[in-house]
Amino acid sequence: MSADPNTIAWWLLPLLMALLTGAMGGVAGPILVVRRRVLHSNLIAHAVLPGVALAVAVGIEPLLGGLASGLGVTWLAERLSSRRLPDDAGQEVVANTLLAASLGLGVLLISALDGDVDLNSLLFGDLLTAGPADLLRAAIALSLLLILVFSRYQQLVFLAVDPEGAAAAGLPVHRLRQLLSLATTLVIVSGMAAVGLILAIALYSAPALIGLRTAASLRGALGRSAAIGMAVAVAGFGLSLLLDSPPGPVIACLCVPLLLGDAAPPHRGRR
């Protein structure tokens, strides 16, 4: 007896979305971890909420709204950090304050829209409702991310290992940082259907840490992290079906066992 095409489509789309989301996190994660930009990425994840909420409410592409608000808040954070609180502690204060404010503004906007936007699906994702548009968005985001990483690989490695040396050598440090912020925002919004905006950071951090700990180079870490991310995302999707639970929270919880090993800090001399 042949399989029902509708049944195949029901699980195939979420499965492919989980694979793409895990791959995106695995490729972006090691660069963010080595550059100590995980908190910055978490800020972006919260900052895109107001823009995505407005975009969904008015019926335009959520990616456009997310990019606008995510990059806008990132620009504001950099300005406040560089001009008023240049030390690391001050930058954390700025990031966490804007993170909370972005989340608060997003919730207020969604409340004002009176039910036109599903807050839970934005924050925590819903793989089972992922459609072809979500899959296409994720595929494009992964393709653009890979193009950025491999076309600027040596520059990104130099920037990650020695930011001051990269600036002294004449590399376009500011432009590279802007490209990384753009890529991070793109990845987070594109993976929204799988793990939501808030839970995404776990999938982009834990696999990256293991990849960096077990690989001899950043290039190797990218591949291992992507493989681990895809495995965790698919395992979370399968387990959520067994538990009859939302996939996003299950995927985030499965990231915790990855941290239970001896997580040595990433080697800063990697190429």
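Note that the structure is predicted; figures quoted are calculated from it, not measured.
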Say whether, by atom type as modelled, one donor and one acceptor occur between the side chain of [X] and the main chain of [Y] under 3.5 angstrom.
X: R224; Y: T214; value: yes
X: S205; Y: A202; value: no
X: T185; Y: G70; value: no
X: S225; Y: G26; value: yes
X: D134; Y: G131; value: yes
X: S111; Y: L109; value: no
X: Y204; Y: P30; value: no

Supply the atom-to-atom distance [X] [atom1] to [Y] [atom2], rounded to the nearest 0.5 angstrom.
X: L98; Y: T74; atom1: CG; atom2: OG1; answer: 9.0 Å
X: C255; Y: I201; atom1: SG; atom2: CD1; answer: 10.5 Å
X: L159; Y: R177; atom1: CG; atom2: CZ; answer: 6.0 Å
X: L123; Y: L199; atom1: CG; atom2: CG; answer: 8.0 Å
X: L203; Y: I228; atom1: CG; atom2: CD1; answer: 11.0 Å
X: F150; Y: R219; atom1: CZ; atom2: CZ; answer: 6.0 Å

Exercise for review: Determine, step by step, whether V73 and H46 satisfy the side chain to side chain contact (heavy atoms under 4.5 Å, CB included) criterion, reporting the C-alpha distance in whole Å, the side-chain angles of both residues, the deciding distance to 0.1 Å, and the verdict.
Suggested key: CA-CA 10 Å; V73 173; H46 289 72; over 6 Å; no
Practice item. Mind running side chain to side chain contact (heavy atoms under 4.5 Å, CB included) on V52 and V56 for me, showing each step along the way? Key: CA-CA 6 Å; V52 170; V56 172; 4.2 Å; yes
In terms of hydrophobic clusters joined by side-chain contacts under 4.5 Å, are [X] and [Y] together?
X: V256; Y: V38; answer: no
X: V189; Y: L105; answer: no
X: L108; Y: V48; answer: no
X: L80; Y: L99; answer: yes
X: L39; Y: L71; answer: no

Exercise for review: Could you tell me whether E61 and R137 have a side-chain N and a carboxylate O separated by less than 4.0 Å?
Suggested key: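 A salt bridge links E61 with R137.
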Point to revise | Working for side chain to side chain contact (heavy atoms under 4.5 Å, CB included), residues Y153 and L218 | key: CA-CA 9 Å; Y153 179 76; L218 182 59; 3.7 Å; yes
Review point. So, do L144 and I140 sit near enough that their side-chain heavy atoms are less than 4.5 Å apart?
Key: yes
Point to revise | Verdict with supporting geometry, V232 and L258, side chain to side chain contact (heavy atoms under 4.5 Å, CB included) | key: CA-CA 9 Å; V232 170; L258 297 178; 3.9 Å; yes
Point to revise | Polar side chain donor-acceptor pair, H40 to T184, under 3.5 angstrom | key: no
Point to revise | No-hydrogen, no-angle side-chain donor-acceptor test under 3.5 Å, Q155 and R152 | key: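 Q155 vs R152: donor-acceptor pair found between side chains.
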